Protein chains: 2
Amino acid sequence: MDTTIRYLEMLQFLPRYPRKKSLSEIRDHLNACGYKVSDRTIQRDLKKLETPFGLICDDRSIPFGWSFSQVARRGDIAEIDENEALLLMLVRDHLHEIIPLEQLPRMNLMFNRATKVLNANNHEKIHGWKNKIKIKPAFMNYMRPKVESEISSSIIECLLDDKQFEGEYRSRNGLSKHIYNPLGLVSHGVSQRLICYRKTNIDTILHLPLHRFQSCQPLKDDICLPDNFDLEQYLEAGQIEYLYQKDIQLKLQFTHEAGQHLFETPIDPSQEIEITNDGKNLLVKATIHDTETLRRWILGFGVKVKVIEPKYLVKEIAMGNP
Amino acid sequence: MDTTIRYLEMLQFLPRYPRKKSLSEIRDHLNACGYKVSDRTIQRDLKKLETPFGLICDDRSIPFGWSFSQVARRGDIAEIDENEALLLMLVRDHLHEIIPLEQLPRMNLMFNRATKVLNANNHEKIHGWKNKIKIKPAFMNYMRPKVESEISSSIIECLLDDKQFEGEYRSRNGLSKHIYNPLGLVSHGVSQRLICYRKTNIDTILHLPLHRFQSCQPLKDDICLPDNFDLEQYLEAGQIEYLYQKDIQLKLQFTHEAGQHLFETPIDPSQEIEITNDGKNLLVKATIHDTETLRRWILGFGVKVKVIEPKYLVKEIAMGNP
DNA sequence: CTTTGTTAAGACATTATATGTCGCATAAGT
DNA sequence: ACTTATGCGACATATAATGTCTTAACAAAG
């Protein structure tokens, strides 16, 4: 029993492959954790754990170096190295803008572990890790609406189990109670939308922000699926983001400065860029859907971009009509 | 030894608190895993693991229900419930657009585990989980540049260890080799930028996209920090995203339709909304920085928004000058 | 080339732990 | 009130874990 915990403590100390730990390092760590065992025992433990946990022993030089194989099944037990820990902190900040982390306890634990790793090694450093990473949103940063995680997780449960639920929904017109058939969940910017229909109106599929639900009472009844419902198709049809036209041959003329970034981060795999004859502008072509998002993006560049094709879009953008 | 693996197998089967598993469920699971042990043994195991792992035994009714406490230290071992698994899939898709997942092996393992959970329970369902969730970007969706994860993790290591490195950088003007002092890492949209300066030019702090580095040779020398370097301050000064003016009193007039979303997802905590006298428009006020991002956002609404204040911004936007 | 110190690993005795079985008490269902 | 299911204490036994001693291999230093 005590042995089991010691095994775990040891496994959590072993890094992933390129890195490795020697017997003496492992011994020191276990001693620090309050386990007084002989070196021989640790050697035997490692041998025992080797196969079931996919450990690797680098025996090319002495002392041997132990680590988790990169393909180890339970590699999530392994030590988080500083490198990964720092990236995890970036991920945490990113996610924080989208999803409340209370809904992801497991991820939270991981972030806490990563924080500990970084803090532990921090005093050796010239300047601290917290001052080394930051998120800078590249688009407007809306504030995330507050969600009652009990209600939303109850709704997600119904969605998963294909069950109807009775819920109160706060719309502009006030609070109303309906029976809902949940069909899908779409993460759209900072809000999550439930794709569903109300039992009283089976023909209209709605997409309602999750945070507007004020209650959720799961029901025993299975949902009724509309014939051939497909979430991807539903979204492709431009339900959440207005779709003006599919697959247009877009041709934009950017000033060199404004379009520069498209070389490295294209808007679509089909994108091609030409430099105009005078060398001052960029001609960007792509086959893409004409959506509200696209129009707003184009408008955002103001006079620094001109729509060349399609013709109808030239007019719409000139009119400032996203 | 075999016992230890069985413990783990059992712990991975136990859910987090509100949910619970009975002895018979645990026994069936262990049998399915190939462990033939008596019920008595399992009972004793649970008692033994109770304290070190923060397990909870709900003994209010028989059969007892076992689970991980919500504050359990090693709660990441616990079973992933379907609910969380589905959210994890959303998170995965979100992250995929920003960061290559190969750089986050641990997170990848977690996603794989979540996938297994969802697939395992999928056949019982009317329509599959893959058709229940989707990401719909709310802004233009740039494609993520390809990064050589070896180079970038080597650079991040130098950043963490406060070490200089020699690197080849591909700029518009070609490939050049310099010695770099890494100061910080900023995640900016789909690309990551290294805040650093070159040894040959200590006065200019650069922000270079990580994916443009073609090599990284870590050096033994510690970095030299500019006096009082602070990443937050650096970014606040508008280095990555152009800052025109700090803390302006922004006043915008939206059409009701275009500004509607700001009620639920404000652009800033200071935001206030008034409905105009005729009821057709929304007056949105906020104290906010005047940045390139802000201007592009405003321009994106085209004729559906008018800048009221500050005066200088009225002109700039009218000129289509982001 | 030899010496010295460090590390890995086999052998074995000993201790500690894990396990099955039986029996009894108590709670839930009929 | 009866039956069945569940939890748990007790005990014997088998199994696993551990420390100690020893030998062999290797690396670094003289």
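What's counted below: heavy atoms across the whole structure, side chains too, no hydrogens, waters or symmetry copies. Below, read A as the first sequence line, B as the second, and so on, with proteins coming before strands; counting in each chain starts at 1. Here the structure is a predicted model, which is why all the values come from computation and not from measurement.
Judged by distance alone, the side chains of Ser152(B) and Ser149(B) never bring a donor and an acceptor atom under 3.5 Å apart. Looking only at atom types and distance, the side chain of Tyr35(A) has no donor-acceptor partner in the side chain of Arg6(A) under 3.5 Å away. No donor-acceptor contact under 3.5 angstrom links the side chains of Asn121(A) and Trp129(A), judged on distance only.
Under a cut-off of 6.0 angstrom, the local environment of CD in Glu150(B) is sparse, with at most 12 non-hydrogen atoms contributed by other residues, nucleotides or ligands. Within 6.0 Å of CD on Glu166(B) lie more than 12 heavy atoms contributed by other residues, nucleotides or ligands.
Side-chain nitrogen and oxygen atoms of Thr41(A) include none within less than 4.0 Å of the OP1 or OP2 phosphate oxygen of dA17(D).
Looking at which nucleotide of DNA chain D each of Arg40(A) and Gly65(B) is closest to, the 5′-most match is held by Gly65(B).
The structure places CG of Asn31(B) at 9.0 Å from NZ of Lys36(B), a figure rounded to the nearest 0.5 Å.
Within the 4.0 angstrom heavy-atom criterion, no nucleotide atom of any strand lies near Arg27(B). No contact: Arg60(A) has no heavy atom under 4.0 Å from any strand. Within 4.0 Å (heavy atoms only), Tyr7(B) reaches sugar-phosphate atoms of the nucleic acid but no base atom.
Glu25(B) has its CD atom 17 Å from the C1' atom of dG7(D), to the nearest Å. Remark: C1' of dT18(D) and CG of Asp2(A) are 13 Å apart, rounded to the nearest angstrom. In this structure, the CG atom of Asp59(A) is 16 Å from the C1' atom of dA24(D), given to the nearest Å. Protein atom NZ of Lys47(B) is 14 Å distant from nucleotide atom C1' of dT6(D), rounded to whole Å. At whole-Å resolution of the value, CZ in Phe64(B) and C1' in dA5(D) are 12 Å apart.
Contact of Arg44(B) with dG7(D) (side chain to base): no donor-acceptor pair of N or O atoms is detected under 3.5 Å.
Taking a heavy-atom distance under 4.0 Å as the criterion, the stretch of DNA chain C touched by chain A extends 5' to 3' from dT7(C) to dA18(C).
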